[in-house]
Amino acid sequence: MIFLVTFCLLSVSRADNFEAAYSDLEHYRTIYTTENGPRLSVNTTQPTVISQRGGNATLPCKFNRDPSSPPNPKLRIKWTKLTSDYLKEIDVFVAMGYHKKSYGRFHGRVHLNAAGENDASLVINDITLEDYGKYKCEVIDGLEDDTVVVTLDLQGILFPYFPRLGRYNLNYHDSEKACTEQDAILASPEQLYDAWRDGLDWCNAGWLSDGSVQYPITKPREPCGGSNTVPGVRTYGTRNKQKDVYDAFCFTSHFKGRFYYLIQPFKLTYNEAVQACQKDGAQIAKVGQMYAAWKLQGYDRCDAGWLADGSVRYPISRPRRRCSPTEAAVRFSGFPDKKQKLYGVYCYKEEPTV
């Protein structure tokens, strides 16, 4: 009972303090609040934008403010790139009034399109393979904010890869390095799925950019998940990036340069092949460059040649007897002894900068 009386006295005291502090309020005044929906909305007209390495792209993002809201000179537009696990965001570009800043490897390559007063679209120039992925457009207007996600997709080619050591010798980090060394990046699950839909059938599991291990099957058979299964992309799920070893699925896109078979009077060892390209003002070509030339330029050559990783391959766009009788493909002849004088060489020459 004593507690109840004390509580009542405290309540009356606080009420008296409130009345004293806000004595100018009319006691009979009633304040109504209504919810008229968000005062800021952000949207995109194109959730996926397709470009290519070396090209440009505009990621569309527009915002709408409440017409009754006063102009806000501190309205902030922020673009970030989402990582494959969505746990981290990479800063790309921020704008607030006249203040604008680009970050990291995007510095000097990105700016706002600013086609209209409410246009927050981002322009990316000289696109790299690493630019592929999902981007978040965020607009912050005082206490209001809203976001939208836009995907930048690249025209290109996915290819399976394993090193001279043989199959299933790469952990996740080795796979990333191996793809980079072949002028490519570790492919995403979406890129593998697209490759499967285009007919890729590969019975060896490989790392993908999100840390998962998968492989695409168009022709079910016993060694590849069973003959009674349906076609699809098989997955082992997320694996230990340090300990588990598999192959890699790499992705590459257009390049600004010339890929070619170097005509020589004699066959070459690996070291002679490297020197021959250098003498021609070029470099020995990489696996990713051969795949890109084959898929994106229709390059066709029925001559086995050395590549930078020590493998021997040749690209066939027009299937024919003695070259690739049943399908268009990059044919793989293995990793022969580098001292063998049995092959030609494929070179790559950068385009001169203007």
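Linking Ile, Leu, Val, Met, Phe, Trp and Tyr residues whenever their side-chain heavy atoms come within less than 4.5 Å leaves L165 and V287 in two separate clusters.
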- Could you walk me through whether Y161 and D309 pass side chain to side chain donor-acceptor pair (under 3.5 Å), step by step? CA-CA 11 Å; Y161 185 79; D309 66 338; 2.7 Å; yes
- Given the rule in the side-chain contact (heavy atoms from CB on, under 4.5 Å) test, do Y343 and Y270 qualify, once you have shown the distances and angles that lead to the verdict? CA-CA 8 Å; Y343 309 102; Y270 176 79; over 6 Å; no
- Query: Between K286 and D183, does a salt bridge (charged side-chain N to carboxylate O under 4.0 Å, His left out) hold up when you go through it step by step?
  - Reply: CA-CA 7 Å; K286 300 177 179 181; D183 193 41; 5.6 Å; no
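Atom OH of Y135 is separated from atom OG1 of T80 by 10.0 Å, given to the nearest 0.5 angstrom. We find the OH-CD distance between Y348 and Q289 to be 5.5 Å, quoted to the nearest 0.5 Å.
Side-chain atoms of Y291 do not come within 3.5 Å of backbone N or O of G156 as any donor-acceptor pair. The backbone N or O of V110 lies less than 3.5 Å from no partner atom in the side chain of S102, so there is not a single donor-acceptor pair. One N or O on the side chain of D201 and one on the backbone of K219 form a donor-acceptor pair closer than 3.5 Å.
Here the closest heavy-atom approach between residue V213 and residue W207 is recorded as CG2-CE3, 3.7 Å. Of all heavy-atom pairs spanning G133 and K81, the tightest one is CA-NZ, 4.2 Å. The shortest heavy-atom contact between F259 and A285 is CE1-CB, 3.6 Å.
A ring pair (Phe, Tyr, Trp, His ring centres under 6.0 Å) with Y246 is found for one member of F162, W202, Y168 and no other, namely Y168. The one candidate from D91, D126, D131 that meets the salt bridge (Lys or Arg N to Asp or Glu O under 4.0 Å) condition with R105 is D131. Considering T83, T151, D153 as possible partners of K134, the one that fulfils the side chain to side chain donor-acceptor pair (under 3.5 Å) test is T151.
The closest side-chain heavy-atom distance from C277 to V345 is below 4.5 Å. You'll find the side chain of V148 stays beyond 4.5 Å of the side chain of N43, heavy atoms only. No side-chain heavy atom of D303 sits under 4.5 Å from any side-chain heavy atom of Y314.
The environment of K295 atom NZ is sparse: at most 12 non-hydrogen atoms of other residues, nucleotides or ligands sit within 6.0 angstrom. For Q283, the CD atom is loosely surrounded, since the number of other residues' heavy atoms within 6.0 Å does not exceed 12.
Other members of the hydrophobic cluster containing Y103, listed by chain and number, are V94; membership follows side-chain contacts under 4.5 Å among ILVMFWY residues, whether direct or relayed.
The list of disulfide bond (SG atoms under 2.5 Å apart) pairs with a residue in residues 114-188, not counting sequence neighbours, reads C61-C137, C179-C250.
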Name every donor-acceptor pair, under 3.5 Å, that has one atom in a side chain of residues 69-78 and the other anywhere in the protein, sequence neighbours excluded.
unit_1	atom_1	unit_2	atom_2	d
S69	OG	D66	O	3.4
N72	OD1	K74	N	2.9
N72	ND2	D141	OD1	2.7

